[in-house]
Undergrad: 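First the structure, which I've put down as structure tokens, then a few questions once you've had a look.
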Amino acid sequence: MISSVRHAVSPFPSSGFLTQRRSLAKPRFWPLPIIRNDQLNLNHSVSPQKPIYISSVETFSPLPAAKIQKREVVCNAYEAADRPLEINIELPDEQAAEAAQRIKIGLYFATWWALNVVFNIYNKKVLNAFPYPWLTSTLSLAAGSLMMMISWATRVAETPKVDLEFWKMLLPVAVAHTIGHVAATVSMSKVAVSFTHIIKSGEPAFSVLVSRFLLGDTFPLPVYLSLLPIIGGCSLAALTELNFNMIGFMGAMISNLAFVFRNIFSKKGMKGKSVSGMNYYACLSMLSLLILTPFAIAVEGPQMWAAGWQNAVSQIGPNFVWWVVAQSVFYHLYNQVSYMSLDQISPLTFSIGNTMKRITVIVSSIIIFHTPVQPINALGAAIAILGTFLYSQAKQ
């Protein structure tokens with residue numbers, strides 16, 4: 001009910017009004033009639049529990065004496081709404097925060113891709129001159145572990161609060177991470193960087209197969225259909241690869257399988273653990289380093305490393321040392337940034353970013369290393385990457 005109240009201005013001068021007001025009848029008051037709800041033709045009933053708000057008051061002031069009978073006050077009111085009014089106002093501060101968050105995620109992605117490209121370039125240069133992937137993998141983990149220990153000691157990064165149970169849960173993740181890391185490095189020591197990443201784009205197929213047959217998980221039909229271009233594209237790229245090598249191909253395939261198990265173990269074992277992405281990867285690198293070092297010594301050994309190092313320095317010069325440092329440092333940095341970005345974005349966005357990362361690495365490595373690519377080989381790579389993108393969409 002909406003009300004209005006107006007106080008009309010007197011038509012008489014102030015002196016005349018004072019003389020006539022004595023002749024006015026004494027105001028009388030009449031009781032208001034009781035109006036029942038069933039007498040009102042309204043869509044809702046007046047509730048005694050809701051407040052009544054006075055919006056305005058109309059007072060009909062004295063008119064000419066012949067027409068004056070009484071003073072009448074009309075009071076209208078409105079009842080409180082059934083529910084509070086919802087007002088959605090975006091404040092400038094909230095908009096600025098959202099814009100800053102988008103810029104932050106964009107910087108994460110750009111840094112992640114750039115660091116990954118630089119790592120793959122220096123890693124391939126080192127492996128071409130120093131074909132010892134087990135030592136190269138060990139140095140990458142050692143550099144990251146050293147960098148994080150220095151960061152914790154200097155308070156640049158917050159030291160994680162972990163216990164023995166944390167390390168027990170991290171152990172199977174570290175084993176799978178170590179196998180995947182070494183297998184990928186072995187692959188890149190035998191074949192082109194672009195070919196390794198084309199085969200590694202088939203990781204979603206391994207993920208679905210392992211989850212379906214070992215864990216009993218089921219997926220919707222679009223997920224299974226998205227595997228067809230992935231498998232077909234990888235197969236086409238492998239069959240048309242000019243410098244195909246079975247060890248390189250198997251290394252990439254083993255890396256896919258190992259990283260699938262790493263992700264499974266990580267999801268199962270790290271639930272409820274309040275460790276940041278940066279510190280989580282740092283702990284993972286340290287534990288993987290402890291696992292990998294004895295195997296690297298057993299497979300290759302210091303004698304082979306010393307001879308290979310001397311040969312590489314004699315051919316390349318002092319720049320070879322900087323190549324080794326660069327590939328070790330950038331390996332840790334790009335993985336660290338990827339884990340940090342995973343804290344800020346959804347798994348779907350991360351998966352799309354990972355697909356775009358592979359495209360960036362494949363294209364840049366072909367340009368830098370002048371890798372010969374046949375049109376049918378490029379078509380296979382494009383189909384495999386498209387399948388990976390479709391998988392990331394269907395998985396959600």
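Side chains included, hydrogens not; waters and symmetry mates left out as well; all remaining heavy atoms used.
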Undergrad: Please tabulate, for side-chain N and O atoms in residues 211-227, each donor-acceptor pair with protein atoms closer than 3.5 Å (sequence neighbours left out).
TA:
| from | atom 1 | to | atom 2 | distance (Å) |
| --- | --- | --- | --- | --- |
| S211 | OG | S207 | O | 2.8 |
| S226 | OG | V223 | O | 2.6 |

Undergrad: Just to verify, what does A142 make a side-chain contact (heavy atoms from CB on, under 4.5 Å) with, not counting sequence neighbours?
TA: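 For A142 the side-chain contact (heavy atoms from CB on, under 4.5 Å) partners, ignoring immediate neighbours, are L289.
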Undergrad: Could you measure the distance from the CZ atom of F206 to the CD1 atom of I231? Nearest 0.5 Å is fine.
TA: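 The CD1 atom of I231 is 8.5 Å from CZ of F206, to the nearest 0.5 Å.
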Undergrad: Taking atom NE2 of H332 and atom CG of L141, what is their separation to the nearest 0.5 Å?
TA: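 One finds 10.0 Å between NE2 of H332 and CG of L141.
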Undergrad: Any side-chain heavy atom of C283 within less than 4.5 Å of one from V275?
TA: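 A side-chain contact under 4.5 Å is absent here.
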Undergrad: Which heavy atom of I230 sits nearest to which heavy atom of S201, and what is that distance?
TA: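 Closest approach of I230 to S201: CG2-O, 4.0 Å.
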Undergrad: Do you reckon L284 sits in the same ILVMFWY cluster as F265, going by side-chain contacts under 4.5 Å, direct or chained?
TA: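 Hydrophobic grouping puts L284 with F265.
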Undergrad: Which pairs pass side chain to side chain donor-acceptor pair (under 3.5 Å) with one or both residues in residues 359-384, sequence neighbours excluded?
TA: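 Every pair satisfying side chain to side chain donor-acceptor pair (under 3.5 Å) with a residue in residues 359-384: T240-N377.
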Undergrad: Answer with yes or no whether the hydrophobic clustering places V329 together with W152; edges join I, L, V, M, F, W, Y residues whose side-chain heavy atoms lie under 4.5 Å apart.
TA: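 Linked within one cluster.
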Undergrad: Quick one: list whatever passes ring pair (Phe, Tyr, Trp, His ring centres under 6.0 Å) with H177, sequence neighbours left out.
TA: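 Residues passing ring pair (Phe, Tyr, Trp, His ring centres under 6.0 Å) with H177: Y281.
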Undergrad: Which pair of heavy atoms, one from P302 and one from I297, lies closest together, and at what distance?
TA: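 Between these two residues, the closest heavy atoms are CD-CG2, 4.2 Å.
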Undergrad: For a quick test of reading the model, state the closest non-hydrogen atom pair linking C234 to I199 and the distance between them.
TA: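 Residues C234 and I199, closest heavy atoms: O-CD1, 4.1 Å.
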Undergrad: Tell me, please, which residues at least two apart from I121 pass side-chain contact (heavy atoms from CB on, under 4.5 Å).
TA: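 Only V117, K125, I368, F369 meet the side-chain contact (heavy atoms from CB on, under 4.5 Å) criterion with I121.
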Undergrad: Mind checking who shares a hydrophobic cluster with I376, ILVMFWY linked at side-chain heavy-atom distances under 4.5 Å?
TA: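 When side chains under 4.5 Å apart are linked, the cluster holding I376 also contains L236, L379, I383.
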Undergrad: Using modelled atom types only, decide if a donor and an acceptor are shared between the side chain of N116 and the backbone of V361 within a distance under 3.5 Å.
TA: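 No.
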Undergrad: Do the non-hydrogen side-chain atoms of M147 and Q336 ever get within less than 4.5 Å of each other?
TA: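 M147 does not reach Q336 side chain to side chain.
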Undergrad: Could you list the donor-acceptor pairs under 3.5 angstrom formed between side-chain atoms of residues 313-324 and any protein atom two or more places apart in sequence or on another chain?
TA:
| from | atom 1 | to | atom 2 | distance (Å) |
| --- | --- | --- | --- | --- |
| S314 | OG | Q310 | O | 3.2 |
| S314 | OG | N311 | O | 2.6 |
| Q315 | NE2 | N311 | OD1 | 3.4 |

Undergrad: How close do F195 and A237 get, heavy atom to heavy atom, and via which atoms?
TA: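 Scanning both residues, the minimum pair turns out to be CE1-O, 4.0 Å.
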Undergrad: Could you walk me through whether Y108 and W112 pass the ring-ring contact (aromatic ring centres under 6.0 Å, His included) test, one step at a time?
TA: CA-CA 6 Å; Y108 271 137; W112 176 22; 9.9 Å; no
Undergrad: Same cluster or not: are V363 and L115 linked, directly or through other Ile, Leu, Val, Met, Phe, Trp or Tyr residues, by side-chain heavy atoms under 4.5 angstrom apart?
TA: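 In one cluster with V363: L115, yes.
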Undergrad: Compare every heavy atom of W309 with every heavy atom of F130, then report the nearest pair and how far apart it is.
TA: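 Of all heavy-atom pairs spanning F130 and W309, the closest is CE1-N, 3.2 Å.
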Undergrad: Considering residues at least two apart in sequence or located in another chain, which fulfil the ring pair (Phe, Tyr, Trp, His ring centres under 6.0 Å) criterion with Y334?
TA: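 With sequence neighbours excluded, Y334 shows a ring pair (Phe, Tyr, Trp, His ring centres under 6.0 Å) to F119, Y331, given in chain and number order.
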Undergrad: State whether the side chain of T293 and the backbone N or O of L290 hold a donor-acceptor pair below 3.5 Å, judged by distance alone.
TA: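 Such a contact is absent between T293 side chain and L290 backbone.
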Undergrad: Go through the steps to decide whether I179 and F261 satisfy the test side-chain contact (heavy atoms from CB on, under 4.5 Å), and finish with yes or no.
TA: CA-CA 10 Å; I179 296 173; F261 279 104; over 6 Å; no
Undergrad: In Å, rounded to the nearest 0.5 Å, how long is the span from OH of Y280 to CZ of F166?
TA: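 These two atoms lie 7.0 Å from each other.
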Undergrad: Test side-chain contact (heavy atoms from CB on, under 4.5 Å) on I254 and V182; report intermediate values, then the result.
TA: CA-CA 10 Å; I254 293 172; V182 174; over 6 Å; no
Undergrad: Could you tell me which non-hydrogen atom of S255 sits nearest to which non-hydrogen atom of G180, and how far apart they are?
TA: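 Closest approach of S255 to G180, heavy atoms only: OG-O, 3.1 Å.
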Undergrad: What distance do S194 atom OG and E241 atom CD have between them, rounded to the nearest 0.5 Å?
TA: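 Answer rounded to 0.5 Å: 6.0 Å.
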Undergrad: Establish whether M304 and F295 are linked, either directly or via other cluster members, by ILVMFWY side-chain heavy-atom contacts under 4.5 Å.
TA: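 Both belong to a single hydrophobic cluster.
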Undergrad: Quick one: do V118 and V325 end up in the same hydrophobic cluster if we chain Ile, Leu, Val, Met, Phe, Trp and Tyr together by side-chain heavy atoms under 4.5 Å apart?
TA: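 Yes; V325 is reachable from V118 via cluster members.
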Undergrad: Should side-chain heavy atoms under 4.5 Å link Ile, Leu, Val, Met, Phe, Trp and Tyr, which residues sit in the same cluster as I150?
TA: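 L146, all in the cluster of I150.
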Undergrad: Taking the side chain as everything from C-beta on, heavy atoms only, tell me whether F109 gets closer than 4.5 Å to M356.
TA: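 No, side chains not in contact.
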Undergrad: When rounded to the nearest 0.5 angstrom, what is the spacing between CH2 in W305 and OH in Y132?
TA: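 Atom-to-atom, W305:CH2 and Y132:OH are 11.0 Å apart.
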Undergrad: When rounded to the nearest 0.5 angstrom, what is the spacing between CG in L292 and CG in L287?
TA: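 One gets 11.5 Å once the value is rounded to the nearest 0.5 Å.
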Undergrad: Could you tell me if the side chain of M278 sits less than 4.5 Å from the side chain of M148, heavy atoms only?
TA: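 In contact.
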Undergrad: Please identify each residue that fulfils side-chain contact (heavy atoms from CB on, under 4.5 Å) with L107, with sequence neighbours left out.
TA: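 For L107, the residues satisfying side-chain contact (heavy atoms from CB on, under 4.5 Å) (neighbours in sequence not counted) are I103.
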Undergrad: Just list the side-chain donor-acceptor pairs under 3.5 Å for residues 184-193, sequence neighbours left out, or say none.
TA:
| from | atom 1 | to | atom 2 | distance (Å) |
| --- | --- | --- | --- | --- |
| T185 | OG1 | S137 | OG | 3.1 |
| T185 | OG1 | H181 | O | 2.9 |
| S187 | OG | T196 | OG1 | 3.0 |
| S187 | OG | G248 | O | 2.6 |
| S189 | OG | V186 | O | 2.6 |

Undergrad: Could you tell me which residues satisfy side-chain contact (heavy atoms from CB on, under 4.5 Å) with I385, sequence neighbours excluded, listed by chain and number?
TA: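 Residues passing side-chain contact (heavy atoms from CB on, under 4.5 Å) with I385: T355, I359, I362.
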